[in-house]
There are 2 protein chains.
Amino acid sequence: MNHETIKIACSDCNMRELCMPVGLTDDELDRIDGIIGSRRKIKRGERVFHNGDRFTNLYAIRTGFFKTCITSEDGRDQVTGFQMAGEIIGLDGIVHDQHTCDAVALEDGEICAMPFAQIENLSREVNALQHHVHKIMSREIVREHGVMLLLGSMRAEERLAAFLLNLAQRLHARGFSQSELVLRMTREEIGSFLGLKLETISRTFSKFVDDGIVEVKQRHVHILNTDALQDIVNPK
Amino acid sequence: MNHETIKIACSDCNMRELCMPVGLTDDELDRIDGIIGSRRKIKRGERVFHNGDRFTNLYAIRTGFFKTCITSEDGRDQVTGFQMAGEIIGLDGIVHDQHTCDAVALEDGEICAMPFAQIENLSREVNALQHHVHKIMSREIVREHGVMLLLGSMRAEERLAAFLLNLAQRLHARGFSQSELVLRMTREEIGSFLGLKLETISRTFSKFVDDGIVEVKQRHVHILNTDALQDIVNPK
DNA sequence: CGGGACGTTGACGGTCGTCAAAATTAGTGG
DNA sequence: CCACTAATTTTGACGACCGTCAACGTCCCG
């Protein structure tokens, strides 16, 4: 193991409001700090975990941008999500003590490894932590319902519009601009997530530009008309 | 409330291996019995819960066949899953104390309501229950990853073949035939789940019949060639 | 027996995938 | 810093797949 690891505390982490339950006592917070095993730097392209890896940790993203993807037997690939600071990855591994997807860094970043056995131990004593873990898993289930709606019933323009609005909203919640965003993934990865081919992503971007809804320079996207995007997602 | 409710015990339930962790002591099993609030009969078409309902219970299906579906603002509908005996529904409600989908019975059945607050209480003391709850949620996340792969990358024939194999396998695990199944849902509901229109479902069934892979009489499906279905899902 | 829900089939068109080529950018090593 | 190669993106032409619309058939239940 040549990963750089640093001992760190949630209490110092500016992502705490995103990862952690609110209203903890100092004592509870200290105890949660104790289960954060290590902070690990991840380089672009590096995998946090891989399909088939033994499951031991959940990972909280401190910085950076990640994707999770599954590969079917015959080599089909599906991006199941893009994750950013404050989000938790690895929940797929619990059921069979083994990860069923890959988590890959799309840019350099840092993650906190949290041994799941310790999370279970501590959540028996800290009710807020227990409920928080349940909420995180439930949130992921609800998020995936939304993706199923997108994949099952939306057309290409609707999918891309929904995708851009979702990204912008999540970045905004982290203090970034609501209208300026930098895509950390390729057109192919967007396409894989949205169930479309990269050419369709490219064409749809071009159409949005023609319609004056966004400006696109490479991976820099400037949303000029949020309402128009919203109307595309939810045609009245 | 005019729902018929019956006090019931997990220890008597023949679905126990499916709902419950294994290796519990008698004492632990008794305590889990204690949180099963009521057994409720559900008629075909009746809703177990509805989008917007306050979340208080998870529900274990004892008998019957159910669907869960979400509706978007503009009225789009997406079936997010079909559930049968031994499966748990309601996990979507945890994150916001409110259900975000509908659960509807596709045939008469019985469910066990399990107050989630009591599940949390007891799982602080019974480790096997705690871990079981985590596994159930993780299993649902992994299942949805599979649906995303299906919706994102498969063609109509592949989707329907995967759907039939999945149903047959789950029914087989419950002691039913591996090759004979009765669909409890309409073509439209299958289509909604698979991201296809009902006409496409009907046409694809017809094609499978022409190819000698299945026999279809209404909702009765006889799988004649499982390998052929498998080859459709996973073309080599 | 009649009405309504459900299912099947056909014709046609639109959306998006496929294939190909060119343009632009990023990455690498000299 | 520059040259060169690989990776990514854009755009076009064409066709396949599936959606839409319509008509008809079947089953179920009162």
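Residue numbers begin at 1 in each chain, while the letters A, B, ... track the order of the sequences.
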* Asked: Where the side chain of B:Ser202 is concerned, which of D:dT10, C:dG27, C:dG7 is the nearest nucleotide?
  -> C:dG7

* To do: Measure the distance from CG on A:Leu196 to P on C:dT15 and round it to the nearest whole Å.
  => 14 Å

* Report the nucleotide, chosen from D:dC18, C:dC16, D:dT9, that has the shortest atom-to-atom distance to any side-chain atom of A:Ala156. => C:dC16

* Please state how far atom CD1 in B:Ile201 lies from atom C1' in C:dC6, giving the value in whole angstrom units. => 14 Å

* Asked: Is the closest basic N to carboxylate O distance between B:Arg143 and B:Glu87 below 4.0 Å?
  -> no

* To do: Select from A:Arg155 and A:Gln218 the residue whose nearest nucleotide in DNA chain C is closer to the 5' end of that strand.
  => A:Arg155

* Return the value, rounded to whole Å, for the distance between atom CD of B:Glu189 and atom C1' of C:dA5. => 12 Å

* Could you check how far NZ of A:Lys197 sits from P of D:dT8, rounded to whole Å? => 15 Å

* Report the distance from atom CZ of A:Arg184 to atom C1' of D:dT8, rounded to the nearest whole Å. => 16 Å

* Between D:dG19, C:dT9, C:dT18, which nucleotide has the shortest distance from any of its atoms to the side chain of B:Thr200? -> D:dG19

* What's the NE2-P distance between B:His220 and D:dC27, to the nearest Å? -> 11 Å

* To do: For A:Gly195, report the nucleic acid contact type (base, sugar-phosphate, nothing); a contact means any heavy atom under 4.0 Å.
  => sugar-phosphate

* N/O donor-acceptor pair, side chain B:Arg203 with base D:dT20, under 3.5 angstrom -> yes

* Asked: So what does A:Arg44 hit on the nucleic acid, given a heavy-atom distance under 4.0 Å: a base, only sugar-phosphate, or nothing?
  -> sugar-phosphate

* C:dA20 C1' sits how many Å from A:Glu199 CD, rounded? -> 10 Å

* To do: Specify the separation, in whole Å, of atom CG of A:Leu194 and atom P of C:dG17.
  => 11 Å

* To do: Output yes when a side-chain donor or acceptor of A:Glu144 lies under 3.5 Å from a complementary backbone atom of A:Ile141, and no otherwise.
  => no

* Structure fact -> Comparing nearest nucleotides in DNA chain C, the 5'-proximal residue of the pair B:Phe205, A:Met154 is B:Phe205

* Asked: For B:Gly109, does its backbone N or O pair with a side-chain atom of B:Arg62 as donor and acceptor, under 3.5 Å?
  -> no

* Given C:dT9, is OP1 or OP2 found less than 4.0 Å from the side-chain N or O atoms of B:Ser206? -> yes

* Sub-3.5 Å donor-acceptor pair from the side chain of A:Asp108 to the main-chain atoms of A:Arg44, do we have one? -> yes

* Structure fact -> Side-chain contact check for A:Thr186: nearest option of C:dC6, D:dT10, D:dT8 is D:dT8

* Looking at every strand, decide which applies to A:Arg219 at a 4.0 Å heavy-atom threshold: base, sugar-phosphate, or nothing. => sugar-phosphate

* Asked: Are the side chain of B:Glu140 and the backbone N or O of B:Met137 linked by a donor-acceptor pair below 3.5 Å?
  -> no

